[in-house]
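Have a look at the structure below before the remarks.
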Amino acid sequence: MCTDELTYTVQGMSCGHCRVAITEEVTRVDGVAAVDVDLESKLVTVRGERLDDDALRAAIDEAGYEVA
């Protein structure tokens with residue numbers, strides 16, 4: 001089984017609410033198995049099958065954040 005991994009730099013994340021908001025939106029995207037939000041490095045790492053880059057970027061936007 002092959003798992004894809006995509007990482008995004010997302011500015012403006014600073015607290016637990018940021019982590020929850022992004023995780024909730026990104027988890028709704030088809031194929032997503034795991035989401036890791038690192039507030040210190042401002043990175044969001046997504047793992048799953050056949051990940052859709054545009055859908056993931058839209059989910060992060062929907063959560064109120066912008067991919068750098």
Side-chain angles (χ1 to χ4, degrees):
M1 180 164 78
C2 180
T3 300
D4 296 330
E5 180 176 295
L6 296 173
T7 301
Y8 302 94
T9 300
V10 181
Q11 299 300 321
M13 302 185 303
S14 61
C15 65
H17 174 267
C18 302
R19 178 181 287 119
V20 170
I22 289 173
T23 300
E24 285 181 353
E25 289 297 332
V26 172
T27 300
R28 293 180 181 149
V29 176
D30 287 342
V32 172
V35 180
D36 178 49
V37 178
D38 187 326
L39 298 175
E40 189 173 322
S41 67
K42 307 296 186 205
L43 295 177
V44 175
T45 303
V46 184
R47 291 177 195 82
E49 297 294 325
R50 295 181 294 283
L51 296 175
D52 181 336
D53 180 64
D54 290 336
L56 293 170
R57 288 173 181 270
I60 292 169
D61 183 64
E62 183 66 28
Y65 303 89
E66 185 176 338
V67 176

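One-based numbering along the sequence shown. Hydrogens, waters and symmetry mates are skipped; everything else that's a heavy atom, side chains included, is used.
Considering all non-hydrogen atoms of both residues, Asp4 and Leu51 come closest at OD2-N, 3.4 Å. The two residues Gly12 and Tyr65 have their closest heavy-atom pair at O-CE2, 3.7 Å. The shortest non-hydrogen separation linking Ala63 to Ala21 is CB-O, 3.7 Å. Residues Arg28 and Glu25 approach most closely at NH1-OE2, 3.0 Å, considering heavy atoms. Annotation for Val29 and Ala59: closest pair CG2-CB, 3.8 Å, computed over non-hydrogen atoms. The two residues Cys18 and Leu39 have their closest heavy-atom pair at CB-CD2, 4.3 Å.
A heavy-atom distance below 4.5 Å is not found between the side chains of Val32 and Asp30. Side chains of Ile60 and Val26 form a contact here, defined as non-hydrogen atoms less than 4.5 Å apart. A 4.5 Å side-chain heavy-atom check between Val35 and Val44 finds at least one atom pair inside the cut-off. With contacts defined as side-chain heavy-atom distances shorter than 4.5 Å, the pair Thr45/Glu5 qualifies.
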Verdict with reasoning, Ile22 to Val10, per side-chain contact (heavy atoms from CB on, under 4.5 Å): CA-CA 10 Å; Ile22 289 173; Val10 181; 4.2 Å; yes
side-chain contact (heavy atoms from CB on, under 4.5 Å) between Arg47 and Thr3, intermediate numbers included: CA-CA 7 Å; Arg47 291 177 195 82; Thr3 300; 4.1 Å; yes
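Between Arg57 and Asp53, at least one side-chain nitrogen of the basic residue sits less than 4.0 Å from a carboxylate oxygen of the acidic one, meeting the salt-bridge criterion.
Distance check: Asp61 CG to Asp54 CG gives 12.0 Å after rounding to the nearest 0.5 Å.
Judged as a salt bridge (Lys or Arg N to Asp or Glu O under 4.0 Å), and not counting sequence neighbours, Asp52 has no contacts.
No path of Ile, Leu, Val, Met, Phe, Trp and Tyr side chains, each step under 4.5 Å between heavy atoms, connects Leu43 with Met13, placing them in separate hydrophobic clusters.
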